[in-house]
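Structure first, commentary second.
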Amino acid sequence: MAALLRGLRAGRALRGLGSVVAAPTTTNPQCGGLRRGFHRAALRLQDESKSDKPPSSSSTTYHEHYQAHSTEQDTATASEEASRPNTSYQDQSGEQGEEYETEEQLQARILTAALEFVPLHGWSMEAIAAGAETLGLSSASTGMFYNGAGDLVLHFIAQCNSQLTEIMAEQHKQVQLGQAEPKKTADFLRDAVETRLRMYIPYIETWPQAMSILLLPHNIPDSLKHLSTLVDDIWYYAGDRSTDMNWYTKRAALTGIYNTTELVMVQDSSPDFQDTWNFLDNRIQDVVNMATTAKQVQSTGEAVVQGLMGAAVTLKNLTGMNQRR
Amino acid sequence: MAAPMRQLVRSVIRLSHRNVNVTAAGVSGRSGCCWGTPSCRCFSDDRSTHFGFETVPEEEKAKRVYKVFENVAQKYDVMNDAMSLGIHRLWKDTLLHVMHPQPGARLLDVAGGTGDIAFRFLEYVRSQQERQKRRATRSMQTPSWQDISNNYSTEDEEGPQESRAVVCDINKEMLKVGKQKADSMGISSGLSWVVGDAEELPFDDDQFDIYTIAFGIRNVTHIDQALQEALRVLKPGGRFMCLEFSKVTNPLLARLYDAYSFQMIPVLGEVIAGDWKSYQYLVESIRKFPDQEEFKHMIEDAGFYCVQYLNFTGGVVALHSGFKL
């Protein structure tokens with residue numbers, strides 16, 4: 001199972017380190033455009049004989065396609081099909097297809113634009129509406145986000161996770177090229193968690209609201225998924241290749257560290273969150289100590305057991321029970 | 001007194017027999033007729049459409065629909081309550097909740113007649129604004145002199161943020177009833193009443209944030225033209241919402257619903273509004289309207305994105321929503 005996850009992770013890393021949306025599109029099944037892409041492409045095949053009006057290559061936004069409105073009823077729908085932005089099915093017009101964006105990409109753009117209004121409006125539909133308006137869309141487009149504020153928070157988390165993965169991959173590459181020294185595990189974990197938590201600093205005032213949104217029952221599966229991929233990524237780049245129980249214990253430990261540090265950060269008022277980083281240091285030290293202590297306990301235990309066995313054998317010898325009569 | 005009652009009973013029996021025969025024919029003919037109608041116009045000379053279960057020339061349909069609503073305008077709201085047992089209020093309230101309009105949104109309510117949706121919209125937006133204002137004042141309990149003076153100067157900025165609703169209907173009688181309702185409710189600002197045809201709206205492009213049509217689109221002769229007009233007058237990012245009677249999915253409920261529609265509703269129409277024929281047309285036009293999936297495809301063909309529908313009351317009513325992106 002660990003191997004499978006690692007394979008998936010490698011695939012993901014290769015596919016899109018730069019992509020903003022790392023979460024799969026299960027949050028917006030209604031807007032999946034693949035089926036419609038086929039439908040539209042089929043219609044376009046029919047219509048290429050009727051009207052060879054090429055899709056306007058200058059339009060990267062959706063509202064410019066409407067200039068194709070003609071008076072005839074059936075060709076109007078046909079020509080509009082031809083000039084409408086394509087979805088992920090892009091075989092027909094390769095170069096022109098790449099300028100159009102899918103609905104998911106548009107939603108991602110709206111949510112990214114909405115992030116700058118979060119300090120003002122909090123994690124809410126008002127922030128999304130303000131974000132949509134900066135992109136030139138009406139505030140009614142917030143209706144696309146059926147999960148409302150949850151969509152915004154999950155999008156932000158996915159964005160932070162992918163940024164962290166980029167940073168770690170870059171560092172990894174540096175180490176591979178020999179341009180940097182590999183860090184010790186404890187230091188690596190500490191730096192990774194600190195980098196990740198620092199991404200919350202611009203939103204730290206409203207972060208408690210975001211955390212409470214993530215704890216809503218319908219958001220828990222998604223937020224747990226993001227958390228587990230985050231922890232998994234950090235351990236992977238820290239060099240963990242374990243295939244036994246350690247895999248679970250390591251990730252559980254890091255999850256605990258991350259969550260508790262996040263809670264400390266939310267109510268930290270020291271300059272540059274120094275208290276939080278001290279807390280993080282201590283927790284990681286605890287885990288490291290725990291690991292060494294566990295090993296010591298195990299070896300001590302073995303030694304004790306052996307000692308007891310030896311004592312028992314000696315006792316038996318003394319009382320003469322070992323001799324065969 | 002007995003004679004008219006007997007006549008009424010006899011006409012009930014006669015009409016119900018006719019319904020039983022026509023229903024079977026109507027249902028089987030519906031699927032052919034519906035898609036036939038747009039292509040009929042191009043490929044044959046006789047352009048006919050359905051008026052309930054009758055087939056009439058297209059020009060006549062608009063006139064006959066006009067007469068129907070002219071007759072029922074005075075008793076429209078009472079009949080709505082009687083026929084749906086008041087549930088239509090819940091449907092309209094749910095429409096508003098799904099819409100979740102942001103402050104400053106502009107609504108176009110087509111076939112809005114007596115103004116139910118527009119009134120609810122204004123109330124919703126006003127209560128949202130109140131809540132925001134209350135939240136704002138609670139968070140600044142002790143304003144500084146700077147804040148107070150700023151508030152004085154920005155008080156008339158409420159103007160641009162004001163939400164406006166435009167009620168558009170082809171029928172002057174319905175608008176008259178709506179205006180009377182508005183006067184009696186004391187709502188005057190932010191509301192306009194416009195006479196217009198859904199297939200040819202008297203508005204410029206890119207005007208409205210939200211376009212709604214509640215229980216009106218099945219009376220339109222050319223539904224796809226109405227959808228295209230909706231696309232035209234919406235701003236980019238704007239939302240199209242259509243509340244309409246649709247196909248009941250549950251077979252048991254379907255049978256009860258059919259029995260109720262064809263036996264009870266025309267009788268109620270005769271008793272309360274004195275107009276059997278209009279309410280016969282109403283229930284027949286419901287059967288002629290495309291089902292949820294078909295209508296969803298029609299909306300997508302017109303150029304809307306992220307189209308989805310919600311069923312209310314087991315499919316008796318469906319809310320379709322799409323975005324102009």
Side-chain angles (χ1 to χ4, degrees), chain A residues 28-33 35-36 39-40 43 61-78 80-81 83-85 87 100-107 109-110 121-122 124-133 135-146 148, chain B residues 38-39 41-43 97-107 125 128 131-132 135-136 139 161 163 199 205-212 222 224-225 227-229 231-241 296-298 300-310 321-325:
Chain A
N28 291 302
Q30 302 92 337
C31 298
R35 193 161 52 98
R36 286 202 298 127
H39 171 69
R40 226 175 282 129
L43 277 169
T61 54
Y62 283 76
H63 54 264
E64 283 176 272
H65 80 273
Y66 207 80
Q67 57 214 10
H69 189 232
S70 58
T71 48
E72 271 190 13
Q73 190 54 37
D74 44 352
T75 54
T77 24
E80 273 191 85
E81 298 280 82
S83 61
R84 193 167 305 120
T87 58
Y100 302 127
E101 54 178 5
T102 64
E103 292 152 1
E104 286 85 7
Q105 285 175 342
L106 179 67
Q107 290 183 347
R109 275 205 307 144
I110 295 179
H121 292 297
S124 63
M125 289 297 263
E126 283 89 30
I128 302 180
E133 272 166 16
L135 290 182
L137 295 174
S138 149
S139 62
S141 56
T142 59
M144 279 197 290
F145 302 104
Y146 298 105
Chain B
S39 53
R41 249 175 323 101
C42 317
F43 300 147
H97 275 108
V98 172
M99 190 197 296
H100 193 58
Q102 300 295 321
R106 292 190 61 196
L107 172 79
V125 174
Q128 290 264 53
R131 206 182 313 147
Q132 270 187 356
R135 215 186 299 152
S139 66
Q161 275 299 314
S163 302
E199 297 177 14
D205 298 357
D206 299 347
Q207 288 289 310
F208 297 99
D209 292 293
I210 306 169
Y211 174 110
T212 56
H222 303 119
D224 37 7
Q225 266 185 25
L227 292 174
Q228 296 211 345
E229 278 294 287
L231 190 71
R232 181 180 69 82
V233 300
L234 276 176
K235 284 189 207 163
R239 191 172 194 181
F240 165 85
M241 306 190 78
K296 173 179 165 187
H297 289 311
M298 286 169 81
E300 284 176 352
D301 287 339
F304 289 97
Y305 289 89
C306 285
V307 180
Q308 74 138 29
Y309 60 86
L310 296 168
S321 142
F323 291 89
K324 173 179 178 177
L325 291 177

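Naming convention: chains lettered A, B, ... in sequence-line order (proteins, then strands); numbering from 1 in each chain.
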**Study point:** Part of A/Glu133 within contact of chain B (heavy atom distance under 4.5 Å)
**Key:** neither
Review point. Chain A: which of B/Met241, B/Gln132, B/Lys235, B/Gln102 shares the most heavy-atom pairs with it under 4.5 Å?
Key: B/Gln102
Exercise for review: Say whether, by atom type as modelled, one donor and one acceptor occur between the side chain of B/Lys324 and the main chain of B/Gly238 under 3.5 angstrom.
Suggested key: no
Point to revise | chain B contacts, top residue of A/Gly148, A/Gly143, A/Ser139 (heavy-atom pairs, under 4.5 Å) | key: A/Gly143
Practice item. Please identify each residue that fulfils side chain to side chain donor-acceptor pair (under 3.5 Å) with A/His121, with sequence neighbours left out. Key: none
Point to revise | Lys/Arg-Asp/Glu bridge criterion (N-O < 4.0 Å) met for B/Arg106, B/Asp209 | key: no
**Study point:** Main-chain N/O of A/Phe145 paired with A/Gln107 side-chain donor or acceptor, under 3.5 Å
**Key:** no
